[in-house]
Amino acid sequence: MRIPNFPVIDGSRNCLYVSDSYDPKEAGPGGWRFDLESGEGGLWYDRAMTFANGMALSPDKDHLYVAESFAGRVIRIPIDDNGGPEEGEPFVEELERVPDGLAFDTAGNLYISCYEPSRIYRVSPEREIHLFIDDPVAHTLCHPTNCAFRGEELFTSNLGRWHITRIEARSEGLVLP
């Protein structure tokens, strides 16, 4: 592992996935997996990814979603019956610039926090992309990286100002001044 980035626990398989950003200028293998009891593990997804970053396990736990920051996309990796990866496929592409963090709400929508520009997208299970929050002056979000839910509240860490933003996610979308 060259640049470990984001962990995801899969309690149903008793394992930990870790994204490996590998290199900012070179695509490389981006997914590792470790057993939670023994600590044993290794490279899990050996296909090249372009700066693997934030991850989220699908609500049904059948797919691992990975943000490829410098490719401007999120891929979905099916997990087979033995816990191994199948070939990943693009879930959303052509996101503006740098997707970073991922989180699912209870309705199965995927939220993508983008480091640059400072915005969050909401993607429906049918892959409809909606701009959820846009902060063109990067004052409130200020380069959101990872995100997570607590009930209907979405929290983002913001690298630009070293703070956490709490957002009521049940709204239909927000645009900040």
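FYI, side chains are in, hydrogens and waters are out, and symmetry mates aren't considered; it's all heavy atoms of this structure. Nothing fancy with the numbering, it's 1 onward along the sequence.
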Could you report the tightest heavy-atom contact between [X] and [Y], atom names first, then the distance?
X: C142; Y: H163; answer: CB-CE1, 4.3 Å
X: M49; Y: G31; answer: CE-N, 4.1 Å
X: E37; Y: D35; answer: N-OD2, 2.9 Å
X: G30; Y: A52; answer: O-CB, 3.7 Å
X: L43; Y: P29; answer: CD1-CB, 3.8 Å

Do [X] and [Y] sit in one hydrophobic cluster, given that two such residues count as connected whenever their side-chain heavy atoms are within less than 4.5 Å of each other, even indirectly?
X: M1; Y: I3; result: no
X: V74; Y: Y22; result: no
X: I164; Y: F149; result: no

Is the centre of the F6 ring less than 6.0 Å from the centre of the Y17 ring? no

For the ring pair F104 and Y111, is the centre-to-centre distance below 6.0 Å? no

Okay, side chain of [X], backbone of [Y]: is any donor-acceptor separation there less than 3.5 Å?
X: S38; Y: E40; result: yes
X: D135; Y: L141; result: yes
X: S113; Y: T145; result: yes
X: N158; Y: G160; result: no
X: E68; Y: T50; result: yes
X: R73; Y: P99; result: no
X: S118; Y: H143; result: yes
X: Y45; Y: G88; result: yes
X: R119; Y: P144; result: no
X: H63; Y: I77; result: no

Find the distance between [atom1] ([X]) and [atom2] ([Y]) and round it off to the nearest 0.5 Å.
X: L131; Y: I112; atom1: CG; atom2: CD1; value: 11.0 Å
X: L36; Y: R13; atom1: CG; atom2: CZ; value: 12.5 Å
X: I75; Y: M55; atom1: CD1; atom2: CE; value: 10.5 Å
X: D20; Y: F51; atom1: CG; atom2: CZ; value: 9.5 Å

Test the R76-F91 pair against the cation-pi criterion, namely NZ or CZ under 6.0 angstrom from the six-membered ring centroid and within 45° of the ring axis. no

For S157, which of D100, N146, T165 qualifies under side-chain contact (heavy atoms from CB on, under 4.5 Å)? N146

The residue among I167, T156, L154 that forms side-chain contact (heavy atoms from CB on, under 4.5 Å) with I133 is I167

